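Shown next, in structure tokens, is the structure this report addresses.
Note that the structure is a prediction, hence the values are computed from the model and not measured.
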Amino acid sequence: APQLQMYMSYLEIYNENIFDLLPDNANNVATKRRAFDGPPTLKLRESSRGRIFVRGLARHAVSNVRQGLELAQMAKSNRHTASNNINAESSRSHSICQLEIAHVPPTAAGRAATTGGAEGG
């Protein structure tokens with residue numbers, strides 16, 4: 001049977017800027033993004049094959065539903081929000097969850113099983 005690996009990326013478009021809602025250091029509480037931190041903006045690019053992508057967007061390996069839901073919750077908590085007259089946590093942004101399912105060659109799948117899985121980046 002073919003071995004598959006799922007990866008998740010989550011981005012936010014806010015004030016015409018692109019932000020990574022799951023940066024590689026998302027598990028590091030000391031560097032977790034806050035509104036006043038001024039996170040770096042990412043750039044939309046096109047590859048030589050015509051594929052549109054966001055340069056620098058983190059890619060996280062997801063091995064089960066719980067892990068995917070935890071990443072989605074972390075991304076939600078990193079979104080820009082502000083209160084308004086109608087909603088206490090209104091978001092003035094758009095967020096995009098990107099899921100990628102990749103075929104893992106048999107030799108790589110064997111290594112992943114013995115090393116605890118592949119890390120996205």
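- Counting all heavy atoms, side chain and backbone alike, Ser9 lies closest to Ala58 at OG-O, 2.7 Å.
- For Ala75, the side chain to side chain contact (heavy atoms under 4.5 Å, CB included) test picks out Tyr10, Leu21, Leu22, with sequence neighbours left out.
- Checked against side chain to side chain contact (heavy atoms under 4.5 Å, CB included), Asn64 has the following partners two or more places apart in sequence or in another chain: Arg66, Gln67.
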| task | I would like to know whether Ile18 and Thr41 meet side-chain contact (heavy atoms from CB on, under 4.5 Å); could you show each step before the answer? | result | CA-CA 5 Å; Ile18 301 171; Thr41 59; 5.8 Å; no

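- Connectivity analysis of hydrophobic side chains (ILVMFWY, heavy atoms under 4.5 Å, direct or indirect) links Leu69 to Val65.
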Let me have the donor-acceptor pairs involving side chains of residues 96-104, under 3.5 Å, with sequence neighbours excluded, atom names and distances please.
unit_1	atom_1	unit_2	atom_2	d
Glu100	OE1	Arg59	NE	3.1
Glu100	OE2	Arg59	NH2	3.4

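- With sequence neighbours left out, Glu70 forms a side chain to side chain donor-acceptor pair (under 3.5 Å) with no residue at all.
- Note that CE of Met6 is 14.5 Å distant from NE2 of His60, once rounded to the nearest 0.5 Å.
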| request: Show the numbers, then the answer: is there a side-chain contact (heavy atoms from CB on, under 4.5 Å) between Leu42 and Asp20? | output: CA-CA 7 Å; Leu42 303 176; Asp20 191 340; 3.7 Å; yes

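- Every side chain to side chain contact (heavy atoms under 4.5 Å, CB included) that Arg51 has, sequence neighbours left out, goes to Ser47.
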| request: Begin with the C-alpha distance, continue with both residues' side-chain angles, and end with the deciding distance and a verdict on side-chain contact (heavy atoms from CB on, under 4.5 Å) for Arg55 and Leu44. | output: CA-CA 6 Å; Arg55 182 178 306 279; Leu44 197 61; over 6 Å; no

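- Scanning for side chain to side chain contact (heavy atoms under 4.5 Å, CB included) contacts around Tyr14 gives Glu12, Phe19, His80, Arg92, Ser93, with sequence neighbours left out.
- In this structure, Ser63 OG and Gln5 CD are separated by 7.0 Å, a value rounded to the nearest 0.5 Å.
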